[in-house]
Each structure stands twice: as C-alpha cells, then as structure tokens.
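All remarks here apply to the structure that follows.
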Amino acid sequence: MRWKACLGVLLLGWVASGCGKQADLFRTPYDRALQRALRKQGGGWVSQGPLTQASEDASGRILPGQFLRVVLETAQPLGEESSHWTVIRVDTLRVYEDSLVYLPWAGGIRIGGLPRDSVQKLLEGAAQRIFVGARLRVYPLYPYYIFGAVPQPGTVFLDRRKVSFVEILPFLGAQTREADFSQVKILRGNVDSMQVFLVDVRDVPTLIYDFHLQSGDILYIQQRGIVRLRLELQNYLALIGLLQIANLLLFFVYRVR
C-alpha cells in the first residue's frame, strides 16, 4: 500500500501545482518599483530601465523586416468615368531578411533597401503584367504587440511609428470588465536593454497626448485583481473537490481490506 500512498501524494501535488497561482506573464525586475511609483504619483505613467528611442529611417527606404499594406486597383469598365477605380484586393506583406517580398499574385520580388517610390513602381509594374490598367498603392506598416486580457492577443499593424494610446484603445477591448487599465505594462527595446513603462490608461491626458506608443512596443494588459481572485478561488475549490474524491476512494480501499 505504500506505493499507492506515494502515488496519491504525487497526484495531489501535480493537481495542486496545476491549480495554484500562475506566474504573471512578462515579469520584469522593475515591476514592484513601478507599481509603488505609479501609486504614489496617483496617475499618468512611470518608467524604469535604459532610455530607448524608436529607430527612425530618414531615408524613406523599405528595409528588410518592414511590413507593407499593398492596395491593388483597376480602372472602371469603358463607358464609366475613368477617374473611378475598383479595389481588387488589399494585402499585408512582410519584407523578409533576404529583401524579398512575396505577392500572392506575382510571386517573389526583391525590394529591400529601395526607396518607397521605387518599390511602388516596381510592384505596380508587376501588377500591370497581370491586371490590365492596374494601379497599386504601398503603405508602410509598423507592428505593435498586445497580450494579456484582450479579446485577440497578437500583432496590430498601424501606419505610423508613434501613436497615442487612444488610437490603439479599440484593440484592447475597453468594453470588457476583466482588463485592469490602471496598470498597463509596456516593454520597449530588446531583452538586454529594455525600458519598462507602467501606464494608467484611465488618466485622460495620458490617454490622449501625454504618452505615445512606439513601433515594436509590447503591451501587456493584466486581469483585474477581483478577476484573478475569482479564478484562484475556482482553482482552490476544484482542488478541494479532488481531495475529497481521493479521500473517499482511500476510505473504500481501506474498508475493503
């Protein structure tokens, strides 16, 4: 029976570890200091870590790693006003490290390092070999990464390197009651040199113009304290229920013996 008791202890330990409190995602060494500073300040935003600025490309060239939105249009049929155009398709593309971009309708084209105007002419020429009288527009896109208590975690592409918080608010699911907008964590820079922000999005000046997000920022929206407490309570109740079932099984085993 000793091996059965050991097996039961291991099983209960495994269940307890699965139902216990999970570690917060995107934890940094600055978290506690940022929470104290933001609480003491009473709103706005605070930051710690090395100052990290958004990389600006003054040349206007399309570089490897860049995201693009490509809008393909064709002219209206004959007999209609020639100034009217019909959108055929809109694609979000990425320029890979080898400078190639893969168009669904034209295959791979090397554009990395070229000016934006040259990229547009090159892609438009490829489109006109397939679609008669085609016109093509190219818009550089910049990624922002959103995780945590949001409806759709992942990457959001916007057409500017810097945006105010209110512009990205629609992607955060502000209508949900689970997200804690009093402490939104933002990670900027690389792992070795990371600047960490803690932002109170409920503060109107911060939301509109005081704080700006930069391309490549990682946003982490944590759950409200009451939501985390409810989930932990559910986990503990489930654990207690499993312990009661295990106790009942052990009772019957000993009765049979």
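Computed over heavy atoms, backbone and side chain alike; hydrogens, waters and symmetry mates excluded.
Rounded to the nearest 0.5 angstrom, F147 CZ and L219 CG are separated by 10.0 Å. Note that CZ of F181 and CZ of R202 are 11.0 Å apart. Values are rounded to the nearest 0.5 Å. Remark: L198 CG to Y220 OH distance equals 12.0 Å, nearest 0.5 Å. Note that CG of L213 is 13.5 Å distant from OH of Y145, once rounded to the nearest 0.5 Å. Put simply, NZ on K185 and CG on D31 are 3.5 Å apart, with the number rounded to the nearest 0.5 Å. Between atom CG of residue L207 and atom CD1 of residue I168 there is a gap of 11.5 Å, rounded to the nearest 0.5 Å.
For the 3.5 Å distance criterion, the side chains of N190 and S193 fail to qualify, holding no donor opposite an acceptor.
Taking the side chain as every heavy atom from C-beta outward, P140 and I62 approach each other to under 4.5 Å. F165 has its side chain out of reach of T206: every pair of non-hydrogen atoms, C-beta onward, lies at least 4.5 Å apart.
Less than 6.0 angstrom separates the ring centroid of F211 from the ring centroid of F197.
V95 and V71 are assigned to two separate hydrophobic clusters, defined by single-linkage of ILVMFWY side chains at heavy-atom distances under 4.5 Å. Grouping the Ile, Leu, Val, Met, Phe, Trp and Tyr side chains by contacts below 4.5 angstrom, directly or via other members, places V90 apart from L68. Hydrophobic clustering (side-chain heavy atoms under 4.5 Å, transitive across Ile, Leu, Val, Met, Phe, Trp, Tyr) groups V166 together with V163. Residues Y139 and L123 are members of separate hydrophobic clusters, defined by side-chain heavy-atom contacts under 4.5 angstrom among Ile, Leu, Val, Met, Phe, Trp and Tyr.
Counting non-hydrogen atoms of other residues, nucleotides and ligands closer than 6.0 Å to CZ of R137 gives a total above 12.
In this structure, L141 belongs to a hydrophobic cluster whose other members, linked by side-chain heavy atoms under 4.5 Å apart, are F67, F157.
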Side-chain atoms of residues 96-116: list all donor-acceptor pairs with protein atoms under 3.5 Å, sequence neighbours left out, distances to 0.1 Å.
unit_1: E97; atom_1: OE2; unit_2: R94; atom_2: NH2; d: 2.9
unit_1: D98; atom_1: OD1; unit_2: L100; atom_2: N; d: 3.2
unit_1: R110; atom_1: NH1; unit_2: D98; atom_2: O; d: 2.4
unit_1: R116; atom_1: NE; unit_2: V138; atom_2: O; d: 3.3
unit_1: R116; atom_1: NH2; unit_2: V138; atom_2: O; d: 2.9

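In plain terms, the two heavy atoms of Y30 and Q48 that are nearest each other are CD2-OE1, 3.1 Å. Taking each heavy atom of F171 and L158 in turn, the nearest pair found is CE1-CD2, 4.1 Å. Here the shortest heavy-atom pairing between P143 and T155 reads CB-CG2, 3.8 Å. Across all their heavy atoms, L172 and V150 have their closest contact at O-CG1, 3.7 Å. Minimum interatomic distance between G189 and M194 (heavy atoms only, all atoms of both residues): O-CE, 4.5 Å. Residues T74 and V132 approach most closely at CG2-O, 4.4 Å, considering heavy atoms.
Checked by atom type and distance alone, the side chain of E124 pairs as donor or acceptor with a backbone atom of L136 at under 3.5 Å. No side-chain donor-acceptor contact under 3.5 Å links Y209 to the backbone of V204. Without hydrogens or angle criteria, Q195 side chain to L51 main chain gives no donor-acceptor distance under 3.5 Å.
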